Every structure is written in C-alpha cells, then in structure tokens.
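Given the structure is predicted, the values throughout are model-derived calculations rather than measurements. So that the names make sense, note that chain A is the first sequence line, chain B the second, and so on, each numbered from 1.
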There are 2 protein chains.
Amino acid sequence: MDRRQEILEAASKSFSLFGYKATTMDQVAKIANVGKGTIYTFFENKEILFQEIVVKLILEMKLAAEQEIETSRPFQENAHNVLMKILQFREVHQLYAKLVEEEKELRTPTVQTMLIRIEKEIVSYISEKINIAVDKKELCPCDSELVAFLLFKSYIGLVADWGETHDSELSEERIAALFRDTIFKGLLP
Amino acid sequence: MDRRQEILEAASKSFSLFGYKATTMDQVAKIANVGKGTIYTFFENKEILFQEIVVKLILEMKLAAEQEIETSRPFQENAHNVLMKILQFREVHQLYAKLVEEEKELRTPTVQTMLIRIEKEIVSYISEKINIAVDKKELCPCDSELVAFLLFKSYIGLVADWGETHDSELSEERIAALFRDTIFKGLLP
DNA sequence: AAAATGACCAAATGAGAATATTGGTCAGTC
DNA sequence: GACTGACCAATATTCTCATTTGGTCATTTT
C-alpha cells in the first residue's frame with residue numbers, strides 16, 4: 001500500500017484527535033506502521049505534513065460548500081446556506097474543530113497561521129461567488145473582497161460570538177432575516 | 001483631599017500603565033499615598049475597585065460618542081462616526097487599549113469579563129440610537145439589538161481583523177463606502 | 001542500491017520543589 | 001474612629017533537573 005498515503009491518514013487521524021501540538025511524530029509513525037525516519041522521506045518536517053493535511057481540509061470544505069449551491073436559487077439563499085455550512089463545518093469537522101479549540105486554548109503559532117490561511121481561502125471563495133453573481137446581474141457591482149470579508153466576519157460574529165454576550169443562541173431564521181433585511185437588501189440590483 | 005478619589009485616580013493610573021494583573025494593591029496604595037488597608041475601607045476588593053473604574057471608562061466613551069453625533073446629519077453618517085470613534089477609543093484610550101492588549105496576551109479572566117461588559121454597553125448604546133432613528137422614520141423598523149451587534153462586530157472586524165489577513169490597512173473611506181452600499185442601504189426607508 | 005528503520009542527539013518541554021509576591025485582614029497607632 | 005502596615009494563607013514565579021520531542025543518519029532490509 002502507498003506509504004505516503006498511510007502516513008497522511010495516520011497524521012490526519014492524530015491531528016484530529018489530539019491537535020497539532022499534542023501529536024508527536026513517533027505517534028504518527030506508530031499509527032502508520034512505519035519507521036519514524038520514513039515520514040521524513042516524504043515530508044520535510046512536521047509543519048509541512050500538517051500543511052498538506054490542511055490543504056485537504058480546505059478542499060473538503062469547498063466541496064461541502066459547493067454542494068449547498070443550487071444555481072436556480074437566489075444568491076442570497078445560496079450565500080446563507082454556504083456560510084452556515086462553513087460555520088457548521090468549523091464545529092463538526094473533527095480536524096477543523098480541534099484546530100479552532102487549540103487556537104483558543106493553546107495559541108499554538110503554527111495552528112494560528114494555518115487557521116488564518118483557511119479563513120483567507122474561505123473569504124476568497126465567497127468573493128469569487130460574489131463576482132459571478134455580479135456578472136450575472138444578480139447583485140450590484142461591489143467591492144467583492146470586502147463584501148466577502150464582511151459577510152464572513154458577520155456570520156462568525158453572529159453564530160459564534162453572540163452567545164458570549166447573550167444567554168440564548170440565535171435561531172438560524174433570525175440570522176437569515178437580519179441579512180435579508182440589511183446587507184443583501186443593499187446588494188440587490 | 002478626598003481619599004476615595006485619590007485611590008480611584010491612583011488605581012486608574014496603574015491599571016492604564018500596567019494592566020489589571022500587573023497592578024498590585026500595594027502599588028495602588030503607594031501611588032495614592034495611603035495605607036493599603038485604607039483601600040479596603042472604600043472598596044471591597046481589587047475587582048470591585050476595577051469595576052468602578054471601568055464604569056467610568058464606559059461613561060467617558062459614551063460622552064466621546066455623543067460628541068460625534070450631529071442630529072442634523074443622516075443616521076448613517078452619525079453611526080459611522082460613532083463607531084469609528086469607539087474603535088479609535090479602543091486603541092488610543094490608555095486604559096481601554098491596555099485591557100484589550102491584556103485580554104489578547106494574558107487572558108486575565110477578570111479583564112475578559114469586563115471587556116464583555118464594555119462591549120455589551122456599546123451594543124446597547126447603538127441599539128438605542130437605532131430605535132430613535134426608527135421612531136424618527138430615518139430607518140426601517142428592524143431588530144435593533146441584532147443590527148447594533150452586526151454593526152459593531154463588522155466594524156471591529158474591518159478595522160481590527162482585516163490586517164491579519166491583508167497587508168495594507170483599510171482606509172476609512174473604503175469602510176464607509178462599504179457600509180453605505182450594503183447595511184445602511186438596506187436599512188433606509 | 002534504494003528504501004526503510006530506529007537508536008541517537010540537541011533542544012524544547014514538563015514536573016515539582018523552593019522561593020517570592022499578592023490580595024486581603026486586623027491588632028494596634030494617631 | 002479613621003488609618004496604617006506587619007502579617008498570613010494562597011497564589012505565582014523561578015530554578016532545577018529529568019523527560020520528551022523533532023529531526024538525523026549509520027545500519028539493516030528488501
């Protein structure tokens with residue numbers, strides 16, 4: 001069997017279960033049934049190995065997002081579904097959730113860097129979708145990069161931070177209604 | 001002279017200069033030219049003393065915000081000015097800036113609690129202003145609490161977090177334009 | 001000979017004892 | 001009776017030393 005692939009799977013499993021810092025190369029070697037040295041013939045170091053796994057995570061997330069899109073539906077609805085899916089991904093996907101947790105508690109710098117990379121990817125993905133919608137005249141022309149950033153940060157804020165200052169969680173309908181009445185209303189032609 | 005007042009000023013100075021954790025009661029006593037025990041005749045404990053100072057900070061901030069408001073101008077403009085003022089306050093005001101820093105680096109729980117309190121106060125202040133604007137038919141009726149939260153989180157995100165993922169800072173005009181074209185455009189009657 | 005291995009090493013980390021500081025008290029001073 | 005600062009338990013910090021870790025490379029396996 002492909003040793004490289006086995007190592008990737010072992011590392012992915014360990015990162016998902018214990019996080020970046022708590023995963024040792026010895027452990028990865030053991031799970032992959034491989035000598036530790038072998039890992040280094042395929043991956044320069046721990047961080048590079050991690051990077052490759054994060055790239056896979058990003059692809060997975062994009063795939064999950066893409067599945068939420070139904071071209072016949074209005075942009076607003078697709079955008080809402082995609083953003084909610086991504087935020088749900090953040091909580092449900094083992095690896096992503098673990099990294100968010102590690103960043104909050106441990107502040108591992110490598111994890112921090114990688115999470116920023118993921119966020120950048122998300123924002124640029126949304127930005128592309130906005131550009132497409134603008135071309136199709138579904139939206140007014142706008143600073144798509146900025147609007148994407150605004151949407152992402154707003155959704156994160158409402159879903160993840162609202163609980164910090166309020167007792168009850170926000171319902172998805174209330175969030176959808178807010179965006180319908182504010183940002184999207186402003187963006188429609 | 002008023003001993004209570006002297007203690008407050010000394011504590012305020014020390015909190016601003018060194019943060020909450022690094023400020024010792026001995027130090028406050030020394031700065032205030034007062035025996036340590038005296039502090040405890042006016043304030044139950046360190047946290048209560050801190051609270052009182054934070055309440056003052058909130059008042060100061062509300063005052064600064066209020067000065068940005070010119071009733072003859074449209075809501076949008078006032079809101080932008082108030083929010084920018086608050087964010088500037090976050091960076092410029094010695095005590096507020098120190099607390100934000102301490103929260104980021106040290107994670108002092110007391111500071112965390114107090115910052116949440118300040119944020120709550122800001123959001124509820126903006127929420128009130130929105131309600132007034134709705135009454136005056138300057139804005140559509142809306143979920144003012146949510147819209148205030150959205151505005152605050154968005155502004156914070158754009159001013160404070162944009163730099164994390166991008167090299168150049170956002171200009172104030174670009175921010176203003178974004179909100180004009182999105183959220184506010186949606187809120188206007 | 002090419003690929004895989006695991007004993008090995010310097011550097012980082014962790015445990016935990018020893019020490020110093022801190023928030024808070026209260027017997028005594030003024 | 002307002003005020004003080006030596007005092008105390010509890011927490012925090014520093015220091016030490018043993019362990020663990022990422023990464024290498026001489027040796028073994030295929």
Quick one: list whatever passes side-chain hydrogen bond (donor to acceptor under 3.5 Å, both in side chains) with [X], sequence neighbours left out.
X: A/S16; answer: none
X: A/E103; answer: none
X: B/E52; answer: B/R4
X: A/S144; answer: A/S127, A/N131

- Taking only residues two or more places apart in sequence, or in another chain, which ones meet A/E138 in a salt bridge (Lys or Arg N to Asp or Glu O under 4.0 Å)?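 Per chain and number, A/E138 pairs via salt bridge (Lys or Arg N to Asp or Glu O under 4.0 Å) with no residue.
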
Figure out the [atom1]/[atom2] separation between [X] and [N], and round it to whole Å.
X: A/K30; N: C/dT5; atom1: NZ; atom2: P; answer: 13 Å
X: A/I39; N: D/dT21; atom1: CD1; atom2: P; answer: 13 Å
X: A/F43; N: C/dA4; atom1: CZ; atom2: C1'; answer: 15 Å

Contacts table for residues 182-189 of chain A: side-chain donor-acceptor under 3.5 angstrom, sequence neighbours left out:
| from | atom 1 | to | atom 2 | distance (Å) |
| --- | --- | --- | --- | --- |
| A/T182 | OG1 | A/L178 | O | 2.8 |
| A/K185 | NZ | B/G186 | O | 2.8 |

- Excluding sequence neighbours, so at least two apart, what forms ring-ring contact (aromatic ring centres under 6.0 Å, His included) with A/Y155?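 Partners of A/Y155 by the ring-ring contact (aromatic ring centres under 6.0 Å, His included) criterion, ordered by chain and then number, come out as A/H80, A/F179.
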
- Item | Non-neighbouring partners of A/F75 that pass ring-ring contact (aromatic ring centres under 6.0 Å, His included), sequence neighbours left out | none

- Would you please test A/T110 and A/K21 for side chain to side chain contact (heavy atoms under 4.5 Å, CB included) and show each step? CA-CA 9 Å; A/T110 306; A/K21 209 191 149 208; over 6 Å; no

- Its contact letters, B for base, S for sugar-phosphate only and - for none at protein heavy atoms under 4.0 Å, make nucleotides 24-30 of chain C read BBB----

Check the interface with nucleotides 27-30 of chain D: list each N/O to N/O pair with the protein under 3.5 Å, or write none.
none

- Please state whether the rings of A/F149 and B/H166 are parallel, tilted or perpendicular, taking 30° and 60° as the class boundaries.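 Ring orientation of A/F149 relative to B/H166: perpendicular.
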
- Note on the structure: Residue pair A/V34/A/K21 against DNA chain C: nearer the 5' end by closest nucleotide is A/V34

- Item | Co-members of A/I132 in a cluster of I, L, V, M, F, W and Y side chains, linked at under 4.5 Å |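 ILVMFWY cluster around A/I132 holds nothing else.
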
- Which residues in residues 3-17 of chain A have at least one heavy atom lying under 4.0 Å from any atom of DNA chain D? none

- Message: Assuming nearest nucleotide by heavy-atom distance, tell me which of B/T41 and A/T23 is located more 5' along DNA chain D.
- Response: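 In this pair, the answer is B/T41.
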
